[in-house]
Every structure is written in C-alpha cells, then in structure tokens.
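Every heavy atom of this structure was used, including side-chain atoms; hydrogens, water molecules and symmetry mates were not. Numbering of ligands and ligand atoms starts at 1, following listing order.
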Amino acid sequence: MLNVALPKGRLGEKVYAMFEKAGFPCPSIKENNRKLIFENETAGVRYFWVKPSDVAIYVERGAADIGVAGKDILLEYTPDVYELLDLDIGKCRMAVAAKKGFRDDIRRPLRVATKFSNIAAEYYLSKGRDIDIIHLNGSIEIAPILGLSDVIVDIVETGTTLKENDLEVVESIVPISARLISNKASLKFKSEQIETLRRELMKGMEN
Ligand code: PRP
C-alpha cells in the first residue's frame with residue numbers, strides 16, 4: 001500500500017487528477033464529505049488530505065510514503081525528504097513587495113514581514129543587507145500598509161492581492177511550483193511503486 005499525503009484544496013484536486021491518470025485511482029475521494037482518508041486496495045493506494053504546509057512533515061516522518069508540497073515549504077523548512085519531480089502546477093514566485101514608490105534606506109535595518117522567515121533571512125544574507133524579521137502567519141500584505149514593516153516577502157501568484165492593497169513587487173526571489181516528495185526509507189522499500197508513479201506522472205505531463 002502506497003500512502004500519499006495530498007495538499008487539501010484546489011491544488012490537491014489537480015494533484016489527485018494527475019495521480020489518477022498515472023494509474024493510482026481512488027474514486028471514493030471524489031465523494032463530497034468530510035473524510036480525510038481514502039483507500040483503494042486494488043490499486044494499492046491510500047490518500048490523506050492534509051494541510052498543504054504539513055505535507056512535508058507527514059512524509060519526513062514516514063506517516064506518508066510520498067506527497068506533494070510547494071517548493072516554498074521545502075525551501076523554508078528543509079525537510080529531510082527526497083524531491084522526485086517538479087509537477088509544473090501550483091506555479092507562483094516568492095517575491096519582495098512594498099508600497100508603491102518605496103525606497104530602501106540602507107542606513108538602518110530593513111523591516112521584513114513574512115511567513116517565510118528562513119527564505120527571507122537567506123535571501124538578504126546573500127545580498128549582505130541587514131534586516132529585522134517580523135514573522136507573521138497570514139495577511140502579510142497589511143504589514144507595510146500599517147507601517148509594521150518596510151517590505152514583505154511572500155508568494156505572488158496572479159498579483160491581485162498586491163494590486164488591491166497598493167503594493168508592488170520590488171524583487172523576485174525564486175520561482176515556486178508543486179513537487180513530488182518521498183520519504184527516504186519508503187523510496188528504498190517501495191521503490192517499484194514509487195518509480196512507476198514517477199514515470200507515469202512524467203508521461204502524463206508530456207501529453
Ligand atoms: C497567498 C499569498 C498572497 C496570495 C497571492 O496567500 O500569501 O496573499 O496568495 O496570490 P495572488 O498573487 O494571486 O493574489 P494564501 O491564499 O496562501 O493565504 P495566506 O497568505 O493568508 O495564508
């Protein structure tokens with residue numbers, strides 16, 4: 001049985017469709033209910049819906065053999081897992097944004113509000129810019145508007161959230177997309193199933 005952690009939400013539905021096409025169907029998952037675990041014994045697969053930012057934890061600790069996590073989470077938390085495939089969905093970018101017309105005053109530390117403290121710290125370290133990190137858990141865009149921070153480091157997909165809050169991208173940090181990840185021991189002990197899935201997912205992405 002291959003245990004798969006899927007990110008709950010719109011991305012997860014796309015991911016499931018790809019897995020189904022790759023030969024790992026589980027029709028009961030489409031039933032509209034509050035269940036979180038679905039199993040198809042014949043296909044040898046069990047799916048769990050988990051919070052997107054938790055997928056890597058399930059996989060790292062072996063509660064799931066494989067899963068799909070955003071590159072943002074992998075960069076931020078560096079879980080001890082293998083990254084097997086870029087699924088080319090859930091595409092967005094990590095960027096620095098600020099109020100329109102913002103100019104950096106290099107005489108003092110830059111105040112950076114973010115959910116991604118490690119990504120932000122590493123980025124500014126590489127630029128040699130001294131920063132003061134303000135860790136927030138959501139609605140990051142409010143921080144520069146209220147004067148809590150000078151800039152934010154956050155995910156930008158369509159750019160709508162920034163636009164509607166009069167913010168703009170100042171610098172792009174890194175492109176983000178969803179990745180297939182595997183538990184390290186599972187890749188040894190369930191290598192055949194995982195390799196088949198990876199190969200079929202790749203095939204499915206070609207056409
Ligand atoms: C993300 C991100 C931005 C928004 C960007 O938030 O933090 O707020 O999406 O998307 P856009 O460029 O298409 O407008 P998410 O929906 O993950 O919620 P959260 O930040 O409140 O957790």
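Checked options N40, N3, L2, V4; the residue passing with Y47 is V4 (criterion: side chain to side chain contact (heavy atoms under 4.5 Å, CB included)).
The side-chain heavy atoms of V151 and Y124, taken from C-beta on, include a pair separated by under 4.5 Å.
Between Y58 and F48, the two ring planes are tilted [angle within 30° to 60°].
Side chain to side chain, Y123 and E171 meet the donor-acceptor criterion of an N or O pair below 3.5 Å.
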Which protein N or O atoms sit under 3.5 Å from any N or O of ligand 1? Give atom names and distances.
{"unit_1": "ligand 1", "atom_1": "7 (O)", "unit_2": "D154", "atom_2": "OD1", "d": "3.1"}
{"unit_1": "ligand 1", "atom_1": "7 (O)", "unit_2": "D154", "atom_2": "OD2", "d": "2.8"}
{"unit_1": "ligand 1", "atom_1": "8 (O)", "unit_2": "E141", "atom_2": "OE2", "d": "2.7"}
{"unit_1": "ligand 1", "atom_1": "12 (O)", "unit_2": "E157", "atom_2": "N", "d": "2.8"}
{"unit_1": "ligand 1", "atom_1": "12 (O)", "unit_2": "T158", "atom_2": "N", "d": "3.0"}
{"unit_1": "ligand 1", "atom_1": "12 (O)", "unit_2": "G159", "atom_2": "N", "d": "2.7"}
{"unit_1": "ligand 1", "atom_1": "13 (O)", "unit_2": "T158", "atom_2": "N", "d": "2.8"}
{"unit_1": "ligand 1", "atom_1": "13 (O)", "unit_2": "T158", "atom_2": "OG1", "d": "2.5"}
{"unit_1": "ligand 1", "atom_1": "14 (O)", "unit_2": "T161", "atom_2": "N", "d": "2.9"}
{"unit_1": "ligand 1", "atom_1": "14 (O)", "unit_2": "T161", "atom_2": "OG1", "d": "2.4"}
{"unit_1": "ligand 1", "atom_1": "20 (O)", "unit_2": "K115", "atom_2": "NZ", "d": "3.0"}
{"unit_1": "ligand 1", "atom_1": "22 (O)", "unit_2": "K115", "atom_2": "NZ", "d": "2.7"}

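Between E76 and K115 there is no salt bridge, since none of the side-chain N atoms of the basic residue sits less than 4.0 Å from a carboxylate O of the acidic one.
Atoms CG and NZ, from D150 and K99 in turn, are 9.5 Å apart once rounded to the nearest 0.5 Å.
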